[in-house]
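Taking it in order: structure first as structure tokens, then the write-up.
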Amino acid sequence: MSQKVTKMRTPPLPPAGGRRGHSIWFYLMLLVLLLLLLGGAAAFKVYRDLQSIDTLVVPAQSEPYELKEGATLQSVVRDLTGEAYFPRVVSLWVKLHHLEYPVIQKGPYLIDGSKTLPQLLADMREGNILKIKLPTIALIEGMTVSMIERRLLAQTELVQDQELAAVFDRPRDFITSVLVKNEDDSLLRAIGGPHDSFEGLLMPATYDYEPGKTTTSWMLAQALIKMATYMREQYLDRDQSIDAVVSTPYQVLIMASLVERESSLASERAQIAGVFLNRLRKGIKLQTDPAVMYGVSPDFRGPLLRSQLRRDTPYNTYTRAGLPPTPIAMPSVESIQAVLHPARTKALYFVAKGPDPNDGHVFSETLNQHNKAVREYRRAVRAYKQSQQAEE
């Protein structure tokens with residue numbers, strides 16, 4: 001029996017590289033898809049972060065946030081957002097919003113945890129700095145330089161300059177150094193140049209200071225600058241009829257100090273200035289007691305004795321004609337204005353109506369009228385003293 005040999009047929013092989021080629025494309029597509037997904041997720045996260053910065057409430061800070069010179073929008077946003085966002089996200093947010101904040105102003109800002117970052121940046125754009133209520137020191141009209149020096153020395157929260165006493169004793173160099181800047185001496189000229197005393201050169205006002213930081217000499221400089229600035233602005237607008245007898249800014253301050261000490265009523269100061277000017281024009285001695293008192297002692301407050309009225313000093317306006325050599329106190333702006341724009345009056349005399357300064361003065365054109373007013377004044381003073389004794 002013959003045997004038939006059957007040949008086994010080998011199945012065909014797949015094309016070379018077919019399965020591997022399919023695998024590469026598959027993974028490439030998978031990789032692209034994955035990158036797209038990751039890119040989309042990253043883009044979405046950046047988008048959410050940008051939105052988050054728009055509404056970020058900056059946490060409260062115990063101290064004011066100090067925006068210093070040279071700070072930029074970029075540096076401030078990075079500082080206030082901290083590490084909550086990637087630096088590139090913060091930079092992108094700044095690029096998108098920089099036109100909204102073209103400038104940010106230096107100073108202290110309150111961060112109390114109630115405002116968003118854009119709101120705080122808007123405050124910085126507008127310069128809405130924190131108004132810190134500082135303590136104050138008052139330099140009051142009518143005070144003398146010696147009173148001001150004692151007040152500055154008594155203020156323990158001020159930094160006391162070791163040279164302050166020397167500055168008060170020899171003020172000329174200090175006045176020049178404070179009032180002349182970059183060869184501009186207009187402020188110095190506004191007070192008639194440097195002088196040997198600060199009397200009358202310091203503006204009465206209330207001045208802020210920082211405890212432990214502000215120096216006494218800085219306070220003195222501010223009062224000096226304030227007066228010089230005021231005189232520079234106001235002297236040019238004066239009634240030029242005063243120039244015949246009050247010919248310099250310094251003489252204006254001298255007469256203003258006399259007006260200041262003669263009356264506490266702003267309503268009659270221009271009248272008093274008019275009387276003084278009339279007396280100077282006619283060569284009549286001013287005969288003003290406050291000047292005589294200053295000649296006795298800058299802090300003397302009277303009453304004056306007859307011997308003191310007769311004793312000749314540069315400030316005794318009963319023994320000497322014309323103005324005293326210096327102011328006798330700090331004049332207020334009202335008294336300065338009274339001299340710059342005096343009342344047009346024919347009066348040559350004035351005397352108090354009575355013991356109460358708030359009652360003002362009687363103004364007279366003739367000596368007879370004045371003597372009558374003096375008798376009325378003395379009668380009112382006697383009546384007041386009698387009533388005081390009766391009450392006791």
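Note that the coordinates shown come from a computational prediction; the quantities given were computed from them, not determined experimentally.
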- Note on the structure: Heavy-atom closest pair (Pro64 atom, Leu130 atom, distance to 0.1 Å) is CG-CD2, 3.6 Å

- Item | Residues, nucleotides or ligands: over 12 heavy atoms within 6.0 Å of Tyr318 OH | yes

- Thr229 side chain vs Ile225 backbone, donor-acceptor pair below 3.5 Å: yes

- Task: Indicate whether the side chain of Tyr65 and that of Asp79 have a donor and an acceptor atom separated by less than 3.5 Å.
- Result: yes

- Task: Flag yes if more than 12 heavy atoms outside Arg378 fall under 6.0 Å of its CZ atom; otherwise flag no.
- Result: no

- Does Phe300 CZ have over 12 foreign heavy atoms under 6.0 Å away? yes

- Are Glu365 and Lys346 close enough for a salt bridge, meaning some N to O gap below 4.0 Å? no

- Query: Is Arg189 salt-bridged to Asp184, going by a charged N under 4.0 Å from an acidic O?
  - Reply: no

- Note on the structure: Closest non-hydrogen atoms of Asn316 and Arg311, given as atom of the first, atom of the second and distance, are ND2-O, 2.6 Å

- Item | Shared hydrophobic cluster for Met143 and Tyr209 (ILVMFWY, side-chain gaps under 4.5 Å) | yes

- Item | Working for side-chain contact (heavy atoms from CB on, under 4.5 Å), residues Asp243 and Gln251 | CA-CA 10 Å; Asp243 291 357; Gln251 289 183 337; over 6 Å; no

- Query: For Lys115, which of Leu121, Val58, Val57, Asp123 qualifies under side-chain contact (heavy atoms from CB on, under 4.5 Å)?
  - Reply: Asp123

- Say whether Ser114 and Asp112, considering side chains only, have a donor N or O and an acceptor N or O under 3.5 Å apart. yes

- Query: Run the side-chain hydrogen bond (donor to acceptor under 3.5 Å, both in side chains) check on Ser146 and Asp299 step by step: do they pass?
  - Reply: CA-CA 8 Å; Ser146 58; Asp299 296 331; 2.8 Å; yes

- Message: Could you go through Phe350 and Phe363, starting from their C-alpha distance and side-chain angles, then the distance that decides it, and tell me whether this counts as ring pair (Phe, Tyr, Trp, His ring centres under 6.0 Å)?
- Response: CA-CA 4 Å; Phe350 61 89; Phe363 295 87; 5.8 Å; yes

- Task: Tell me yes or no: between the side chains of Glu141 and Ser332, is some donor less than 3.5 Å from an acceptor?
- Result: no

- Task: Could you check Tyr85 against Leu56 for side-chain contact (heavy atoms from CB on, under 4.5 Å), going step by step and ending with a plain yes or no?
- Result: CA-CA 11 Å; Tyr85 303 94; Leu56 173 67; 4.2 Å; yes

- Message: For a quick test of reading the model, state the closest non-hydrogen atom pair linking Asp359 to Lys353 and the distance between them.
- Response: O-CD, 3.1 Å

- Search all heavy atoms of Arg232 against all heavy atoms of Ser186 and return the closest pair with its distance. NH1-OG, 2.7 Å

- Query: If you measure only the distance, is there a donor-acceptor pair under 3.5 Å linking the side chains of Thr214 and Tyr207?
  - Reply: no

- Item | For Leu348 against Asn278, the heavy-atom pair lying closest together | CD2-CB, 3.6 Å

- Does Ser177 reach the main-chain N or O of Phe174 with its side chain, forming a donor-acceptor pair under 3.5 Å? yes

- Task: Kindly work out whether a path of hydrophobic side-chain contacts (I/L/V/M/F/W/Y, heavy atoms less than 4.5 Å apart) joins Leu265 to Val333.
- Result: no

- Message: Within the structure provided, determine whether Leu323 and Met255 are in side-chain contact (heavy-atom separation under 4.5 Å).
- Response: yes

- Between Arg269 and Ser263, do the side chains contain an N or O donor and an N or O acceptor separated by less than 3.5 Å? no

- Evaluate side-chain hydrogen bond (donor to acceptor under 3.5 Å, both in side chains) for Thr326 paired with Glu199, printing each intermediate quantity in order. CA-CA 7 Å; Thr326 72; Glu199 202 73 83; over 6 Å; no

- Query: Can you hop from Leu96 to Phe86 via hydrophobic side chains spaced under 4.5 Å?
  - Reply: yes

- Message: Using a 3.5 Å distance criterion without hydrogens, assess whether the side chain of His361 forms a donor-acceptor pair with backbone atoms of Pro357.
- Response: no

- Task: Give me the ring orientation class for Tyr349 and His370: parallel if the planes are under 30° apart, tilted from 30 to 60°, perpendicular past 60°.
- Result: parallel

- Query: Is it the case that Gln287 and Thr317 place a side-chain donor and acceptor less than 3.5 Å from each other?
  - Reply: no

- Item | Aromatic contact, Tyr315 with Tyr294 (centres under 6.0 Å) | yes

- Item | Gap between atom CD of Glu210 and atom CH2 of Trp218 - 0.5 Å precision | 8.5 Å

- Apply side-chain contact (heavy atoms from CB on, under 4.5 Å) to Arg88 and Leu92, showing your working. CA-CA 6 Å; Arg88 290 185 179 179; Leu92 179 58; over 6 Å; no

- Main-chain N/O of Glu334 paired with Gln337 side-chain donor or acceptor, under 3.5 Å: no

- Query: When hydrophobic residues are tied together by side-chain contacts of less than 4.5 Å, even through go-betweens, does Val245 share a cluster with Leu253?
  - Reply: yes

- Would you say the side chains of Ser91 and Gln74 form a donor-acceptor pair under 3.5 Å? yes

- Query: Do Asp161 side-chain atoms and Thr215 backbone N/O form a donor-acceptor pair below 3.5 Å?
  - Reply: no

- Message: Does Val180 form a side-chain contact (heavy atoms from CB on, under 4.5 Å) with Leu187? I'd like the steps, not just the answer.
- Response: CA-CA 7 Å; Val180 178; Leu187 285 178; over 6 Å; no

- Lys95 backbone acceptor or donor facing His98 side chain under 3.5 Å: yes

- Message: Using only atom types and a distance under 3.5 Å, with no angle test, would you say the side chain of Glu66 pairs donor to acceptor with the backbone of Tyr109?
- Response: no

- Query: When clusters are formed by joining ILVMFWY residues with side-chain heavy atoms under 4.5 Å apart, either directly or through shared neighbours, do Ile137 and Phe198 land in the same one?
  - Reply: yes

- Message: So if I apply the side-chain contact (heavy atoms from CB on, under 4.5 Å) rule between Pro331 and each of Leu202, Ile336, Val339, which one comes out positive?
- Response: Ile336

- Task: Identify the heavy atoms of Thr319 and Leu309 that sit nearest to each other, and give their distance.
- Result: CG2-O, 4.1 Å

- Task: Report yes if some heavy atom in the side chain of Leu153 is under 4.5 Å from a heavy atom in the side chain of Arg150; otherwise report no.
- Result: no

- Query: In terms of side-chain geometry, is the basic nitrogen of Asp196 or Arg170 positioned less than 4.0 Å from the acidic oxygen of its partner?
  - Reply: no

- Message: Any side-chain to backbone donor/acceptor pair from Arg78 onto Ser75? Under 3.5 Å, distance only.
- Response: no

- Task: Flag the pair Arg125 and Glu100 as a salt bridge only when some basic side-chain nitrogen lies within less than 4.0 angstrom of an acidic carboxylate oxygen.
- Result: no

- Message: Check whether Thr345 reaches the backbone of Gly274 with its side chain - one donor and one acceptor, N or O, closer than 3.5 Å.
- Response: no

- Message: Under a 3.5 Å distance rule, please check whether Ser335 uses its side chain to pair with a backbone N or O of Ser257 as donor and acceptor.
- Response: no

